[in-house]
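Lettering follows sequence order; numbering is per chain, from 1. Nothing here was measured: the structure is a model prediction, and the numbers come from that model.
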Amino acid sequence: MLTIATWNVNSLNVRLPQVLDWLRDQQPDILALQETKLSDADFPTLAIANAGYQTVFAGQKTYNGVAILSRLPASAIVTDLPGLHDPQRRVLGATVAGVRVLNLYVPNGQAVGSDKYAYKLAWLEKLHDWLRAEQAAHPHLVALGDFNIAPEDRDVHDPAAWTGQILCSARERAAFQRLLDLGLRDSFRLFEQEERSFSWWDYRAAAFRRNLGLRIDHILASPALAETCTACMVDKAPRRRERPSDHAPVIARFNLDPT
DNA sequence: ATGGTGGCGCGGCCA
């Protein structure tokens with residue numbers, strides 16, 4: 001059994017106690033973090049090691065920043081999309097326990113038509129080409145993280161209000177579908193799920209209490225890995241805590257022995 | 001109510 005999870009923590013500095021609690025409670029084999037907002041020099045390697053996890057990271061002060069926490073060591077580490085020389089630390093690839101793990105913090109895009117939207121779409125193009133190459137080299141692969149895309153209307157609390165908006169626009173959804181067209185499977189949709197299942201809720205307007213969310217955090221599995229997937233769920237418990245991240249962790253379990 | 005909250009870091013950006 002291999003458990004792989006993703007969590008946008010919106011500042012690891014603030015959320016470290018919650019992450020340590022969550023590691024203790026859930027004991028994932030692999031946890032991909034986004035928005036650590038820490039330079040590499042400030043990464044809390046020791047506290048995480050004391051919890052039983054090794055760490056690799058691609059850090060950035062104030063914005064972005066990604067990390068992979070794992071029971072077993074990580075190798076073949078990559079921190080950039082090929083062909084995209086980007087100071088923003090949004091990508092971390094590593095091989096752990098025989099699985100190629102690609103941790104992604106897809107650009108938010110801010111607003112449809114903005115410069116950041118164009119950057120997001122260009123980024124997703126580069127991601128597509130990279131995932132195709134990585135999948136060819138690694139039969140057991142997960143591409144997981146904060147995709148900042150709600151793939152379908154059922155992933156949106158109010159589809160009418162969000163139609164054409166950022167995180168839901170047709171071009172973003174088409175880019176996401178192109179990733180699925182590579183053969184990747186959305187682990188969450190391999191199983192029956194509650195209606196109105198989301199992974200992110202705005203801090204404003206009591207959105208979490210009212211379940212006004214979007215499902216934008218995903219665990220995409222290669223075909224061979226998806227065959228072994230036994231469960232995928234959102235863990236809303238951390239979102240209920242005081243001073244939470246605006247995202248909840250997503251967990252997938254695989255009937256696979258670590259190698 | 002064209003807002004609201006939170007993180008970073010101390011004004012304004014980003015989400």
Salt bridge check: are A:Lys126 and A:Asp80 linked by an N-O gap of less than 4.0 Å?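 Here A:Lys126 does not pair with A:Asp80 in a salt bridge, since their nearest N and O are not under 4.0 Å apart.
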
Salt bridge present between A:Arg196 and A:Asp158 (N-O < 4.0 angstrom):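 Looking at A:Asp158 together with A:Arg196, the answer is no, because their closest N to O distance does not fall below 4.0 Å.
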
Hey, is the side chain of [X] poking within less than 4.0 Å of OP1 or OP2 on [N], counting only N and O atoms?
{"X": "A:Thr62", "N": "B:dG9", "answer": "yes"}
{"X": "A:Lys116", "N": "B:dC13", "answer": "no"}
{"X": "A:Arg243", "N": "B:dT5", "answer": "no"}
{"X": "A:Arg90", "N": "B:dA15", "answer": "yes"}

Of A:Asp146 and A:Arg204, whose closest DNA chain B nucleotide lies nearer the 5' terminus?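 The 5'-side residue here is A:Arg204.
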
A:Tyr203 or A:Asp246: which one's nearest nucleotide on DNA chain B is closer to the 5' end?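 Between the two, 5'-proximity favours A:Tyr203.
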
Which whole number of Å gives the distance between the C1' atom of B:dC14 and that of B:dG9?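 B:dC14 and B:dG9 have their C1' atoms separated by 13 Å.
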
In whole Å, what separates the P atom of B:dA1 from that of B:dG12?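 Each nucleotide's P atom is 28 Å from the other's.
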
Classify the nucleic acid contact of A:Phe208 as base, sugar-phosphate or nothing, counting any heavy atom under 4.0 Å across all strands shown.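 It contacts nothing in the nucleic acid.
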
Quick check on the hydrophobic clustering: are A:Leu220 and A:Leu92 connected, directly or via other members, by side-chain heavy-atom contacts under 4.5 Å?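 Result: no, two separate clusters.
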
Between A:Phe254 and A:His140, is the gap from one ring center to the other below 6.0 Å?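 Ring centres of A:His140 and A:Phe254 not closer than 6.0 Å.
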
